[in-house]
There are 2 protein chains.
Amino acid sequence: MKVLKIPEATVIRLSVYSRYLEQVRRKGTSTISSEEIARGVGVSSAQVRKDLAYFGDFGTRGVGYNVIELYGHLMKILGLTRQWQAVIVGAGKLGSALAMYAGFAQRGFKIVGVLDSDQHKIGQKLEDLYIEPFENLGSVVAQHKAEIGIITVPAEVAQNVAEAMVAAGIRGILNFSPRSLNLSDDIVVRNVDLSVNLEILSFYLGSRK
Amino acid sequence: MKVLKIPEATVIRLSVYSRYLEQVRRKGTSTISSEEIARGVGVSSAQVRKDLAYFGDFGTRGVGYNVIELYGHLMKILGLTRQWQAVIVGAGKLGSALAMYAGFAQRGFKIVGVLDSDQHKIGQKLEDLYIEPFENLGSVVAQHKAEIGIITVPAEVAQNVAEAMVAAGIRGILNFSPRSLNLSDDIVVRNVDLSVNLEILSFYLGSRK
DNA sequence: TATTGTGAATTTTTTCACAGCC
DNA sequence: GGCTGTGAAAAAATTCACAATA
């Protein structure tokens with residue numbers, strides 16, 4: 001095992017492996033081979049072994065991987081052995097749904113604030129949170145030590161919101177707006193443009209009939 | 001220009017270029033260089049030219065690309081000059097938000113049905129749609145000629161829902177559940193696991209401080 | 001025997017750099 | 001003079017294939 005730059009595709013797959021293992025673990029299986037993991041998530045077994053080898057020798061030749069152990073390693077690698085605090089800016093349909101989405105909490109991501117600049121939305125309740133004025137961003141981030149920001153505002157204001165987040169101390173941004181953000185490169189950004197994903201389906205559907 | 005296999009990364013970028021051009025077009029700019037597009041979306045200009053070259057010679061040497069023309073080409077390539085009908089199965093937080101999400105309609109994707117098997121949800125109104133029983137899947141798909149299915153159900157039932165979609169005639173699936181789907185390979189599948197994206201942020205945030 | 005870990009080979013993707021053209 | 005289109009070069013990611021070993 002050598003330490004070097006990890007392909008982003010590897011990081012994505014590690015996250016996928018970890019969920020698959022979580023599920024395998026619940027069934028009580030104690031040992032698993034790279035071949036089984038591969039089948040479970042739809043990649044090659046060599047790929048699984050290569051991905052894992054970036055981080056250590058987790059398996060036993062002739063036997064496979066201990067499910068609980070490997071799961072633990074992956075959670076550690078992914079930084080999921082702690083809780084992360086996140087704020088959402090943009091309390092439209094998507095932002096509100098994400099604020100209440102159970103999937104995030106299950107993996108240790110806690111939404112500590114939902115902000116918007118629309119007077120009509122401010123004060124509305126989303127489960128146990130109230131929508132707050134965007135101006136509160138700095139204090140919410142500071143108070144809850146949030147490090148992750150989720151952007152669900154229209155494209156036109158995404159850059160401004162991103163800059164405000166960075167000024168407030170946010171270090172990583174999940175950007176649902178269809179606008180590429182221009183930020184200092186010590187800020188980690190992931191773009192999740194939902195329409196892009198439908199458009200990719202459209203491309204492949206269109207060209208095959 | 002040669003016709004050969006298009007990298008998926010290229011398809012993703014084409015979708016991103018098309019949105020950037022839409023925005024440029026609204027400002028009234030008539031001509032744009034690969035360098036400007038590159039800056040606008042955060043890739044290299046050679047990448048932009050290479051991506052476009054898979055599909056044709058759209059530019060003029062010494063001048064650049066005609067914005068409206070190039071936009072039209074991209075929309076055509078992506079299969080977005082028509083409307084697509086889509087059904088959503090799973091009317092939880094996420095599914096309900098997606099059903100009302102304006103971003104899809106803006107790009108020609110029309111949600112024609114939202115289905116769930118929970119008696120408490122059936123009959124509820126989501127803007128101009130009513131949540132229908134999952135059993136209606138076949139008839140909804142047939143009636144509206146839906147070709148795209150969006151899965152927002154829990155992991156345990158995702159595979160079943162996917163198979164029912166395929167049986168109903170769906171050809172492309174956007175899968176928001178954290179489970180890899182096992183389907184005949186003439187079905188186009190895109191996985192959009194929202195937690196995976198947060199976990200990737202977590203990985204990069206964790207390893208840099 | 002079964003399965004990992006990993007160099008080497010292969011394939012894919014990106015970048016370079018410049019001829020060709022407006 | 002400026003910018004595209006594209007072969008060639010470089011870099012990155014994946015697959016192969018097998019020695020190592022429980």
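Bear in mind that the values here come from a model prediction, so they are computed numbers and not experimental data. Throughout, a chain's letter reflects where its sequence line sits, starting with A, and its residues are numbered from 1.
Between A:Arg61 and B:Asp51, the residue anchored closer to the 5' end of DNA chain C is A:Arg61, taking for each the nucleotide with the nearest heavy atom. Comparing A:Ala9 and B:Val63 against DNA chain D, the residue whose closest nucleotide sits nearer the 5' end is B:Val63.
D:dT6 atom P lies 11 Å from atom CG of B:Leu52, rounded to whole Å. Atom CD in B:Glu8 sits about 15 Å away from atom C1' in D:dT14, given to the nearest Å. Atom NZ of A:Lys50 and atom P of D:dA12 are 16 Å apart (whole Å). Here the P atom of nucleotide D:dT14 and the CD1 atom of A:Ile12 are 10 Å apart, to the nearest Å. Atom CZ of A:Arg49 is separated from atom P of C:dA2 by 15 Å (rounded to the nearest Å). The nearest whole Å value for the distance from the CD atom in A:Glu35 to the P atom in C:dG5 is 15 Å. In this structure, CZ of B:Phe55 is placed 14 Å from P of D:dT6, rounded to the nearest angstrom. Protein atom CD of A:Glu36 is 11 Å distant from nucleotide atom C1' of C:dT3, rounded to whole Å.
Each of C:dG5, C:dT14, C:dT13 was ranked by its minimum atom distance to the side chain of B:Lys5; first place goes to C:dT13. When distances run from any side-chain atom of B:Gln47 to the nucleotides C:dT15, D:dT15, C:dT13, the shortest one goes to C:dT15. Looking at the side chain of B:Tyr65, the nearest of the listed nucleotides C:dA8, D:dT4, C:dT4 is D:dT4. In the set C:dT15, D:dT4, C:dT4, C:dT4 carries the atom at the smallest distance from any side-chain atom of A:Ser33. Of the candidates C:dT6, D:dT4, C:dT13, C:dT6 carries the atom nearest the A:Asp57 side chain, counting heavy atoms from C-beta on.
Between C:dT4 and A:Thr60, no contact under 4.0 Å exists linking OP1 or OP2 to a side-chain N or O. Considering only side-chain N and O atoms, B:Ser34 lies nowhere under 4.0 angstrom from the phosphate OP1 or OP2 of D:dC3. Between B:Ser44 and C:dT15 there is a side-chain N or O to OP1 or OP2 distance below 4.0 Å.
Distance CZ/B:Phe58 to CD/B:Glu69: 9.5 Å, rounded to 0.5 Å.
A:Ala162 and A:Leu181 make their closest contact through CB-CD1, 3.9 Å (heavy atoms, listed as atom of the first residue, atom of the second, distance).
Using a 4.0 Å heavy-atom criterion, one finds that B:Thr10 contacts no nucleic acid atom at all.
No side-chain heavy atom of B:Leu194 sits under 4.5 Å from any side-chain heavy atom of B:Leu198.
For the residue pair A:Arg19/A:Ser15, the side-chain donor-acceptor check at 3.5 Å is not satisfied. With 3.5 Å as the limit, one finds no donor-acceptor pair spanning the side chains of A:Ser202 and B:Arg107.
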